[in-house]
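Everything on this sheet refers to the single structure shown next.
What you see is a predicted model; the values in this text were computed from it and never measured. What you see below is based on every heavy atom in this structure, not just the backbone, and it leaves out hydrogens, waters and symmetry mates.
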Protein chains: 2
Amino acid sequence: MKIGELGQIAQCTVETVRYYEKEGLLPQPERTSGNFRSYGPQHLERLRFIRNCRALDMTHGEIRTLLEVMDAPAAGCGRVNALLDEHIGHVDARIAELMQLKLQLGELRHQCKAEQPAAACGILQGLVSMESEARQERHTHLG
Amino acid sequence: MKIGELGQIAQCTVETVRYYEKEGLLPQPERTSGNFRSYGPQHLERLRFIRNCRALDMTHGEIRTLLEVMDAPAAGCGRVNALLDEHIGHVDARIAELMQLKLQLGELRHQCKAEQPAAACGILQGLVSMESEARQERHTHLG
DNA sequence: CTCACACCCTGAAGCTACTATAGAGTCAAG
DNA sequence: CTTGACTCTATAGTAGCTTCAGGGTGTGAG
């Protein structure tokens, strides 16, 4: 099948497919006489795998690790388990950060009840005078 | 004061300060005879404002909007209130996404209890066969 | 046969918010 | 007069794509 069909089935754009190829996540497929990429079912499976990992917000690095394990089916899957545990930790950490953020934002929002001249707006005043503690180091790749 | 001092007080690097200037968030300061940037208290206040907004995960675009309102103190602050509400919506949406993600990851994690050959690993199998529903459009800039 | 049109190709640039690096200049103290 | 801390500019790199420019391929209609 050609790249457009592959992308459609795997729910991503052709540009993304080509990008994964350039990144080495997806192997280079055969080409037709007209130089079009020609994919088989094994490419689709691998692309699905990658998209599923991405849907779980894994990085390309994490995905690469998983693919390496997959490509050595006789080796142990310990790295997979460890990677998933770590990734779940990332998600937990980010959720906690965002909950904290939400609290702060809610507080700030209450500083201004209704539209008024900007000079008197409690939100803007709050943003000027806030003391944001030094942001701790990130323990997650989630933005 | 010079850029190093400014950065230290506002808890950011000198590179970040110069970057904000290039982005137009921070006005260009006077220069000393030796071409060093020379900042006054109004620069510090504005930089603090920016850093506080960033600590709340606002984008430069959002911050630019807030700064525009601040620079027209007689105009209404309706846009500020709306922007904050929207931003809180972003945070809520991202939290919901991540909670869903965590559920999926937890389920996946249980597919493999202990290390075993990769070919038999339930996690890898799950990642191949998962049907990730087409990712809905992002309603948030939060990663 | 030729034309339009949908699809494909490559390579490079753009996006966000920085961070890092190279190579050079400024300035105060010893 | 030299050392060292600081500053300057310009450029490239980060992640994971998206968008664009400028072309080539293949198919159905007229």
Exercise for the section: Measure up the A/Tyr19 and A/His60 rings against each other and bin them: parallel (under 30°), tilted (30 to 60°), perpendicular (over 60°). Expected result: tilted
Practice task
Give a yes/no on whether any side-chain N or O of B/His60 is located under 4.0 angstrom from OP1 or OP2 of C/dC15.
Solution key: no
Practice task
Check every strand shown and say whether A/Arg37 touches a base, only sugar-phosphate, or nothing at a heavy-atom separation below 4.0 Å.
Solution key: sugar-phosphate
Practice task
For B/Thr59 and for B/Lys2, locate the closest nucleotide of DNA chain C by heavy-atom distance; then report the residue assigned to the nucleotide nearer the 5' terminus.
Solution key: B/Thr59
Problem - Pairing of A/Arg94 and A/Glu97 as salt bridge, 4.0 angstrom limit - result: yes
Handout entry: Upstream residue (5' side of DNA chain D) when B/Lys22 and B/Arg18 are each assigned their closest nucleotide
Key = B/Arg18
Problem - Whole-Å gap separating C1' (C/dA17) and CD1 (B/Ile63) - result: 10 Å
Exercise for the section: Return the value, rounded to whole Å, for the distance between atom CG of B/Leu6 and atom P of D/dT7. Expected result: 10 Å
Problem - Atom CD of B/Gln42: over 12 foreign heavy atoms under 6.0 Å - result: yes
Practice task
Starting from P on D/dA12, measure out to OH on B/Tyr19 and report it in whole angstrom.
Solution key: 17 Å
Practice task
Would you kindly give the CE-to-P distance between A/Met58 and D/dC17, to the nearest whole Å?
Solution key: 14 Å
Handout entry: Length of the line joining B/Arg31:CZ and C/dG25:P, which is rounded to integer Å
Key = 16 Å
Practice task
For B/Leu26 and C/dA17, give me the distance from atom CG to atom P, rounded to whole Å.
Solution key: 16 Å
Handout entry: Length of the NE2-C1' vector between B/His90 and C/dT16, whole Å
Key = 15 Å
Practice task
Can you tell me the distance, in whole Å, between the CD atom of B/Glu15 and the P atom of C/dC18?
Solution key: 12 Å
Practice task
Answer yes or no: does a side-chain N or O of B/Ser33 lie under 4.0 Å from OP1 or OP2 of C/dT26?
Solution key: no
Completion exercise
The residue, A/Tyr20 or A/Asn35, whose nearest nucleotide of DNA chain D is more 5′ is A/Tyr20
Exercise for the section: Look at atom CD of A/Gln8 and say whether more than 12 heavy atoms of other residues, nucleotides or ligands are closer to it than 6.0 Å. Expected result: no
